[in-house]
Amino acid sequence: MPENIISVDGFSSTGKSTLASKLAEYYNFYYLNSGLMYRIISYFALKNGFIIKDKVNESQLINKLNNLNFDWIIDKNGNNSLSFDGKTFGDKMYSFEISDIVSSVAKLESVRKFLFTQQKNLVLQKSVVVEGRDIGTVVFPDAKVKIFLSADLDIRTKRRNKQIEENNISFDTKKVEDNLIKRDKTDSERKIAPLKKPKDAFEIDTSKKSELEVFNIAKNYIETNLGS
Ligand code: DC
């Protein structure tokens with residue numbers, strides 16, 4: 001099978017995971033959630049005591065990371081997910097504690113280099129839908145199709161609240177909105193691989209669209225561009 005990569009980049013809570021996982025299922029591609037990789041590394045850093053009062057000990061963290069790998073796990077239905085250091089990670093990766101520190105971890109050069117290599121290795125000789133912030137610009141600039149999602153802040157806050165509620169995590173709307181604003185700012189203004197729309201990406205504003213509408217718009221675009 002030829003290697004096909006579809007990138008889905010965009011701001012937090014614009015619907016990237018929903019769209020990327022649906023596209024992967026529809027085309028029978030692997031699905032790679034690079035944001036989850038940054039969340040897992042943040043959790044790992046916290047758990048090992050490499051983050052104290054919001055300050056990350058970058059050298060200690062990278063020393064530990066260099067012996068570890070992400071891998072695919074394929075279940076009996078053929079669905080794929082990720083393991084790190086042989087372990088799987090659940091909904092707690094989406095807790096406030098992790099959301100609050102993930103952008104600080106994601107701006108570190110050594111962490112980005114480590115995950116860049118991991119992402120390249122995971123995608124080797126596979127057809128994959130990859131979601132993130134720098135996928136179409138830095139990690140896979142040659143992706144066959146690039147999609148960029150945007151949405152109004154109030155809609156994104158509502159979606160994020162709903163997701164948090166569904167995961168039974170207590171929340172406060174103001175804290176959710178502040179976290180989205182803070183992450184957008186850190187992710188867009190960081191020196192290395194900042195979040196920005198790839199020049200050749202197709203943008204979908206998901207504010208007033210259902211999940212199905214967004215999927216159909218993306219599918220139509222992919223079908224006119226993937227084969228070419
Ligand atoms: O998609 P998400 O909200 O789960 O991503 C969590 C954080 O990870 C996000 O705030 C920034 C970082 N991230 C990144 O820097 N680069 C990526 N390719 C994906 C995520």
Side-chain angles (χ1 to χ4, degrees), residues 5-21 24 31-46 51 54 56 58 61 65 70 81-82 84 89-123 128-141 143 146-151 153 155-157 159-164 166-167 169 171 175-198 201 206:
I5 296 172
I6 298 173
S7 65
V8 180
D9 287 305
F11 292 94
S12 307
S13 300
T14 47
K16 297 188 301 293
S17 301
T18 305
L19 176 65
S21 56
Y31 163 51
L32 182 60
N33 179 345
S34 67
L36 176 62
M37 298 172 84
Y38 283 95
R39 287 175 182 273
I40 292 173
I41 297 303
S42 304
Y43 175 77
F44 177 85
L46 259 184
I51 304 183
D54 284 355
V56 189
E58 187 173 358
L61 172 61
L65 287 182
F70 282 87
S81 55
L82 278 183
F84 175 62
F89 297 82
D91 291 342
K92 63 173 178 283
M93 294 305 105
Y94 291 87
S95 67
F96 258 126
E97 202 185 10
I98 303 296
S99 298
D100 205 36
I101 54 159
V102 63
S103 287
S104 308
V105 173
K107 69 181 182 195
L108 301 174
E109 186 173 13
S110 57
V111 170
R112 298 209 76 83
K113 271 195 186 154
F114 171 76
L115 286 183
F116 177 91
T117 309
Q118 296 285 319
Q119 287 155 12
K120 289 278 190 195
N121 289 341
L122 286 166
V123 164
V128 188
V129 182
V130 192
E131 74 158 277
R133 303 286 191 293
D134 61 342
I135 303 304
T137 49
V138 174
V139 186
F140 297 110
K146 299 181 186 179
I147 293 170
F148 189 84
L149 299 188
S150 58
L153 180 64
I155 306 272
R156 296 197 283 132
T157 306
R159 286 182 185 152
R160 187 83 186 102
N161 280 337
K162 194 166 161 257
Q163 191 188 18
I164 292 173
E166 280 165 6
N167 288 335
I169 300 167
F171 69 96
K175 251 173 104 181
V176 170
E177 187 175 288
D178 287 350
N179 175 258
L180 286 181
I181 296 170
K182 188 174 129 196
R183 280 205 287 142
D184 284 353
K185 187 168 156 53
T186 316
D187 296 344
S188 311
E189 292 179 358
R190 68 176 172 234
K191 284 205 196 84
I192 315 152
L195 161 65
K196 62 175 179 218
K197 180 181 160 188
T206 67

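Reckoned from all heavy atoms, side chains included, excluding hydrogens, waters and symmetry mates. Indexing begins at 1, ligand by ligand and atom by atom, following the structure's order.
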T18 versus R159, side-chain donor and acceptor atoms under 3.5 Å: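 No - no donor-acceptor pair under 3.5 Å links their side chains.
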Donor-acceptor pair between S34 and R133 side chains, under 3.5 angstrom: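 S34 vs R133: no donor-acceptor pair found between side chains.
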Geometric class of the Y43/F89 ring pair [parallel <30°, tilted 30-60°, perpendicular >60°]: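 It falls in the perpendicular class, over 60°.
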S34-ligand 1 polar pair, N/O distance under 3.5 Å: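 So ligand 1 has an N or O lying under 3.5 Å from an N or O of S34.
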Nitrogen or oxygen of R190 less than 3.5 angstrom from that of ligand 1: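 Looking only at distances, the answer is yes, because the N/O contact criterion of under 3.5 Å is met.
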Member of S21, S7, S17 meeting the side-chain hydrogen bond (donor to acceptor under 3.5 Å, both in side chains) criterion with E131: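 Exactly one pass, corresponding to S17.
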Residue of the set K182, K175, R183 for which side-chain hydrogen bond (donor to acceptor under 3.5 Å, both in side chains) holds with D100: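 Going through the options one by one, the only one that passes is K182.
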Need the ligand 1 atom indices (1-based, order shown) with element for anything under 4.0 Å from a heavy-atom of [X].
X    : answer
S103 : 10 (O)
D134 : 16 (N), 17 (C), 18 (N)
A106 : 12 (C), 15 (O)

Identify the protein heavy atom lying closest to [atom], giving its residue, its atom name and the separation to 0.1 Å.
atom                    : value
atom 7 (C) of ligand 1  : V102 CG2, 3.6 Å
atom 8 (O) of ligand 1  : Y38 CB, 3.5 Å
atom 16 (N) of ligand 1 : R112 NH2, 3.0 Å
atom 20 (C) of ligand 1 : G35 CA, 3.5 Å
atom 3 (O) of ligand 1  : R183 NH1, 2.9 Å
atom 11 (C) of ligand 1 : D187 OD2, 3.2 Å

Salt-bridge criterion met for K196 and D9 (N-O under 4.0 Å):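 Salt bridge absent between K196 and D9.
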Carboxylate-amine/guanidinium proximity below 4.0 Å for D184 and R156: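 Between R156 and D184 there is a salt bridge, with a charged N closer than 4.0 Å to a carboxylate O.
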Option whose closest heavy atom lies nearest to atom 4 (O) of ligand 1, chosen from M93, R133, R39, K107: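 Looking at heavy atoms only, R39 sits closest to atom 4 (O) of ligand 1.
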Interatomic spacing from CD in Q119 to CE in M37 - rounded to 0.5 Å: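 It comes to 5.0 Å.
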